[in-house]
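Down below is the structure, laid out as structure tokens.
In the text below, chain A, chain B and the rest are named by the order of the sequence lines, each starting its count at 1.
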Amino acid sequence: MVNITLPDNSIKVFESYPNGIDVAISISEGFSRNCVAMEINGRHLDLTQKIKEDCSLKFITTKDKEALEILRHSSAHVMAEAVQNLYPDALLTIGPVVEDGFYYDIDMKPISEEDFPKIEAEINNIIKAKKTFERKVVSKDEALEIFKNNPYKTELINELSDQEISLYQQGGFTDLCRGPHIPNTGMIKGIKLMKTSGAYWRADQSKAQLQRLYGTAFFDKKDLNAYLHLIEEAKKRDHRKIGTKLDLYSFHQEAAGMPFFHAKGMEMWNVLLEYWREEHKRAGYVETKTPVMLSRHLWEQSGHWENYRENMYTSVVDEEEYAIKPMNCPGGMILYKTGSYSYRDLPLRAGEIGLVHRHEKSGALSGLFRVRAFHQDDAHIFMTPDQIESEILGVLHLVDRIYSRFGLGFHLELSTRPKKSIGSDEQWEAATNGLKNAMNKYGKDYVINEGDGAFYGPKIDIHIKDALGRTWQCGTIQLDMALPERFDLSYKGADNEKHRPIMIHRVIYGSIERFFGILVEHFAGKFPLWLAPVQAVILPINDDLAPHAHDVRQKLAQQGIRCEVDTRTESLKKKIRDAQVNYTPLIITIGEKERETSTLSVRTLDGNVKMGVTIEEFISPVVKHIRNRVLEDIAI
RNA sequence: GCCCAUAUAGCUCAGUAGGUAGAGCGCUUCCUUGGUAAGGAAGAGGUUCACCGGUUCGACUCCGGUUAUGGGCUCCA
């Protein structure tokens with residue numbers, strides 16, 4: 001007899017050993033169809049496993065997040081079977097679940113997307129057959145025998161410490177796997193191969209090159225379609241395309257990974273920085289600037305020469321070696337050392353929009369998202385140990401203010417002491433607790449990444465979430481216990497003794513270039529009024545009205561409104577269309593009527609038109625809307 | 001850096017069994033002087049098809065290399 005306790009504390013009693021499906025059916029037939037796996041004593045198990053002792057059982061249903069991972073893991077097996085059926089020589093290696101789906105690395109001849117249809121057809125055959133996943137437990141020796149023709153699986157098996165090794169079989173296909181799996185392949189309702197790429201066995205370049213096949217799967221075809229739609233949407237928002245279309249920036253062979261910003265891109269750039277400066281001044285920061293190129297001696301002292309050399313550009317000037325800065329901090333150290341500080345001067349918050357260069361691998365470059373030259377909205381805060389918490393809290397509040405302005409949500413991740421690190425246990429503990437306390441006070445949940453911190457201190461990474469729900473790491477707050485030491489920084493305490501300041505590095509936009517790109521995709525090029533490169537376009541209805549249109553432009557420009565006059569010999573319809581497709585927030589048309597009455601006809605991007613707006617009636621709310629940096633569209 | 005793919009007009013892209021190039025948009029000019037999402041016509045524009053070599057009577061096309069870009073791997077702001 002077995003007693004099974006369900007999450008609602010009800011107890012089901014079974015005379016013989018039931019499996020998960022039996023228990024689910026005992027609840028209801030319909031419920032059982034939505035069950036994917038079960039959790040017993042914290043372990044995820046297949047529904048087909050027999051329950052032989054009393055336990056608490058929780059079903060994982062298609063609604064649970066874990067369920068999708070199980071489905072995708074099973075989908076990886078199905079894809080592997082399909083590939084194996086079509087390419088009998090293919091050697092399977094590993095096939096894990098990733099964020100948006102799954103992949104399987106396979107040792108086979110290169111395949112391309114042209115091969116997808118036939119693989120997908122085979123996958124669908126397997127799904128239609130509703131093959132059940134059967135778990136088998138074998139000994140290590142048996143497993144080695146079964147996979148004796150596959151060196152990769154053999155390597156994996158040899159690394160397993162368990163004497164008992166589980167295999168999963170669907171139809172005639174068997175794979176090494178910990179499980180659990182969905183009950184049968186029929187549960188996969190939406191599956192699609194996404195892309196292929198090369199990948200190395202064990203991510204090691206010296207090892208065999210494998211074919212990585214990516215796929216994704218869902219319980220519902222509708223979910224798959226929604227996902228594919230999201231990808232389409234992301235493609236449409238590609239900042240490289242929009243940047244070209246809106247004439248914001250461009251990329252050139254002559255400087256790979258170093259973007260060129262056009263006039264319109266610079267308008268936005270300056271608006272972003274203007275906002276940044278305003279917020280930072282308000283938060284008690286000063287702004288500084290350090291050179292782009294500094295002597296090798298400095299980089300040796302900071303440790304970059306030893307640890308970051310392969311990413312640094314160097315040059316020789318008058319027979320002395322220089323490096324172009326990949327980070328602003330060493331320059332900031334010199335700046336600090338130029339002064340002398342009392343504890344009363346701290347915290348010292350020194351911001352710097354620093355242009356840094358990092359020699360990224362050629363294959364890593366990608367639009368504005370990954371470049372070799374970029375600006376950091378850096379700041380170094382020097383403080384006493386008891387200021388850690390309040391300073392971190394201050395940065396978090398600033399982060400919140402700034403990201404909210406763009407309608408970006410965010411979450412926090414704390415990275416703690418890595419294996420290789422400097423500093424004492426006490427220092428690390430004080431620093432880490434300072435970060436934790438600040439985050440607790442701030443009141444937002446955070447994820448902890450154990451051992452992911454920098455060797456010189458723990459850090460908080462800030463991940464923003466854009467309009468499509470994609471996350472990007474932008475901001476970071478890093479405590480540094482190394483540089484103050486290396487540069488022998490000090491301040492005079494109340495006790496008239498020298499003390500070592502605590503230092504943090506922090507960025508909010510992160511890389512301004514990258515943040516710019518994220519904004520382009522977040523807004524899909526349809527920027528809020530305060531950010532739009534061209535805020536208003538003026539369309540005279542005929543050529544005679546062009547001088548008047550320029551007069552109006554002059555009036556708006558004097559109020560700081562970015563506007564242009566479109567005097568092309570095109571129809572009004574055409575000019576309106578062009579302004580609409582370029583997302584110009586305010587489209588002003590001027591005809592005889594408007595000239596006579598000194599009014600404007602104002603069209604907003606939603607297609608609404610308001611006629612007879614006097615210039616004063618227009619300017620005042622628009623300027624206010626811009627000055628307040630309102631995210632929502634303006635209504636005239 | 002590695003794997004795969006791509007590179008043709010300012011932009012998006014077509015094209016040639018290997019016989020020295022096209023479209024749409026944009027631009028210029030002209031006609032139209034228009035009232036809220038594409039008016040019409042003509043024209044210019046490629047140091048000739050990313051660059052360097054090779055094969056060939058002949059290469060934009062085939063082969064090799066280089067560079068850049070895209071997708072991955074790795075790394076990361």
Side-chain angles (χ1 to χ4, degrees), chain A residues 98 103 105 109-114 194-214 235 238 240-241 244-247 250-257 308 310-311 326-328 354 356 358-378 461-464 472-476 478 505-518 539-546 568-582 587-594 601-605 607-611:
Chain A
V98 288
Y103 68 79
D105 283 346
K109 67 173 175 19
I111 54 172
S112 72
E113 297 196 5
E114 285 157 30
M194 300 303 294
K195 54 200 168 196
T196 60
S197 81
Y200 298 101
W201 172 238
R202 303 257 138 137
D204 184 341
Q205 287 185 19
S206 66
K207 303 241 166 86
Q209 168 85 35
L210 309 170
Q211 295 300 308
R212 176 166 295 181
L213 253 173
Y214 284 90
K235 229 184 243 170
D238 190 319
R240 292 166 296 205
K241 285 208 162 69
T244 304
K245 182 183 147 202
L246 298 185
D247 196 17
S250 55
F251 301 90
H252 303 274
Q253 245 179 263
E254 290 80 353
Y308 206 70
E310 68 279 15
N311 282 301
M327 296 180 196
N328 303 301
V356 297
R358 298 181 186 175
H359 185 82
E360 300 294 345
K361 289 175 184 168
S362 57
L365 303 179
S366 176
L368 289 178
F369 287 165
R370 194 122 180 97
V371 292
R372 282 178 173 158
F374 60 102
H375 294 74
Q376 288 182 307
D377 63 321
D378 214 344
D461 285 327
I462 304 148
H463 297 250
I464 63 174
W472 312 87
Q473 199 230 300
C474 288
T476 177
Q478 309 190 347
H505 314 252
R506 43 110 288 183
V507 289
I508 295 179
Y509 289 151
S511 149
I512 298 171
E513 281 78 354
R514 195 166 92 108
F515 191 76
F516 197 122
I518 292 169
L539 313 178
I541 232 160
N542 63 47
D543 295 347
D544 296 340
L545 289 155
R568 292 174 305 165
T569 52
E570 292 290 351
S571 66
L572 186 66
K573 275 177 190 290
K574 169 70 169 160
K575 292 182 189 181
I576 287 173
R577 184 186 137 81
D578 286 347
Q580 287 270 161
V581 300
N582 284 322
I587 302 166
I588 296 168
T589 48
I590 289 182
E592 289 299 344
K593 245 186 287 174
E594 283 78 11
S601 163
V602 184
R603 179 185 168 115
T604 40
L605 282 182
N608 285 328
V609 179
K610 189 161 175 198
M611 311 227 259

Discussion item. Base of B/rG35, side chain of A/Glu594 - is there a donor-acceptor contact under 3.5 Å?
Written reply: yes

Worksheet, complete the sentence: CD1 (A/Ile518) and CG (A/Leu368) are apart, to the nearest 0.5 Å, by 10.0 Å

Discussion item. What contact category does A/Ile512 fall into here, base, sugar-phosphate, or nothing, at under 4.0 angstrom with non-hydrogen atoms?
Written reply: nothing

Worksheet item: Contact class for A/Lys245 vs. all strands (heavy atom < 4.0 Å): base, sugar-phosphate, or nothing?
Response: nothing

Worksheet item: What nucleic acid atoms does A/Ala364 come within less than 4.0 Å of, heavy atoms only: base, sugar-phosphate, or nothing?
Response: base

Worksheet item: If you look at every strand shown and take non-hydrogen atoms under 4.0 Å, does A/Val581 touch a base, only sugar-phosphate, or nothing?
Response: base

Fill in: Gap in Å between the two P atoms, one belonging to B/rC11 and one to B/rU47, rounded
12 Å

Discussion item. Check the phosphate of B/rC11 against A/Thr244, side-chain N and O only, distance under 4.0 Å to OP1 or OP2. Yes or no?
Written reply: no

Discussion item. Measuring only the C1' atom in each nucleotide, how far is B/rG65 from B/rA21? A whole number of Å is fine.
Written reply: 26 Å

Worksheet entry | Distance between P atoms of B/rC62 and B/rA77 (Å, rounded) | 42 Å

Worksheet item: Mind checking the P distance from B/rA59 to B/rC52? Whole angstroms is fine.
Response: 14 Å

Discussion item. Please report the distance separating the P of B/rG22 from the corresponding atom of B/rG46, rounded so that it comes out in whole Å.
Written reply: 14 Å

Practice prompt. Could you work out the separation of B/rU55 and B/rU12 based on their P atoms and round it to a whole Å?
Written response: 36 Å

Practice prompt. Verify the neighbour count for atom NZ of A/Lys245: are there more than 12 heavy atoms of other residues, nucleotides or ligands below 6.0 Å?
Written response: yes

Discussion item. Please classify the nucleic acid contact of A/Gln376 as base, sugar-phosphate, or nothing, using heavy-atom distances under 4.0 Å.
Written reply: nothing

Worksheet entry | Range-with-range stems for RNA chain B, at least three Watson-Crick or G-U pairs under 3.5 Å | B:1-7 with B:67-73, B:10-13 with B:22-25, B:27-31 with B:39-43, B:50-54 with B:62-66

Worksheet item: Between B/rG71 and A/Arg240, is there an OP1 or OP2 to side-chain N/O distance shorter than 4.0 Å?
Response: yes

Practice prompt. Give A/Gly257 one of three labels, base, sugar-phosphate or nothing, depending on what nucleic acid heavy atoms sit under 4.0 Å from its own.
Written response: sugar-phosphate

Worksheet item: What does A/Gly367 touch in the nucleic acid at a heavy-atom separation under 4.0 angstrom: a base, only the sugar-phosphate, or nothing?
Response: sugar-phosphate

Discussion item. Classify A/Val609 by what it touches in the nucleic acid, base, sugar-phosphate, or nothing, heavy-atom distance under 4.0 Å.
Written reply: base

Polar pairs (N or O, both sides) under 3.5 Å between protein and nucleotides 42-51 of chain B?
none

Worksheet item: Are A/Glu310 and A/His359 close enough that a side-chain donor and a side-chain acceptor fall under 3.5 Å?
Response: no

Worksheet item: Are OP1 or OP2 of B/rA37 and a side-chain N or O of A/Arg603 less than 4.0 angstrom apart?
Response: yes

Worksheet item: How would you label the contact of A/Glu254 with the nucleic acid (heavy atoms, under 4.0 Å): base, sugar-phosphate, or nothing?
Response: nothing

Fill in: Any A/Ser511 side-chain nitrogen or oxygen under 4.0 Å from OP1 or OP2 of B/rA77
no

Practice prompt. Using the C1' atom on both, measure B/rA9 against B/rA44 and round to a whole Å.
Written response: 11 Å

Discussion item. Regarding A/Tyr214, tell me which of base, sugar-phosphate or nothing describes its non-hydrogen contacts under 4.0 Å with the strands shown.
Written reply: sugar-phosphate

Worksheet item: Is a donor-acceptor pair below 3.5 Å formed from side chain A/Arg370 to base B/rC75, judging by atom type as modelled?
Response: yes

Detail all sub-3.5 Å separations between protein N/O atoms and N/O atoms belonging to nucleotides 25-33 of chain B.
residue : atom : partner  : partner atom : Å
B/rG26  : OP1  : A/Lys574 : NZ           : 2.7
B/rU33  : O2   : A/Asp543 : N            : 3.0
B/rU33  : N3   : A/Asp543 : OD2          : 2.9
B/rU33  : O4   : A/Asp543 : OD2          : 2.6

Worksheet item: Quick one: does A/Met327's side chain get under 4.5 Å of A/Arg358's, heavy atoms only?
Response: yes

Worksheet item: Across the strands shown, which category fits A/Gln211 at heavy-atom distances under 4.0 angstrom: base, sugar-phosphate, nothing?
Response: nothing

Worksheet item: When the C1' atoms of B/rG24 and B/rU8 are considered, how many whole Å apart are they?
Response: 15 Å

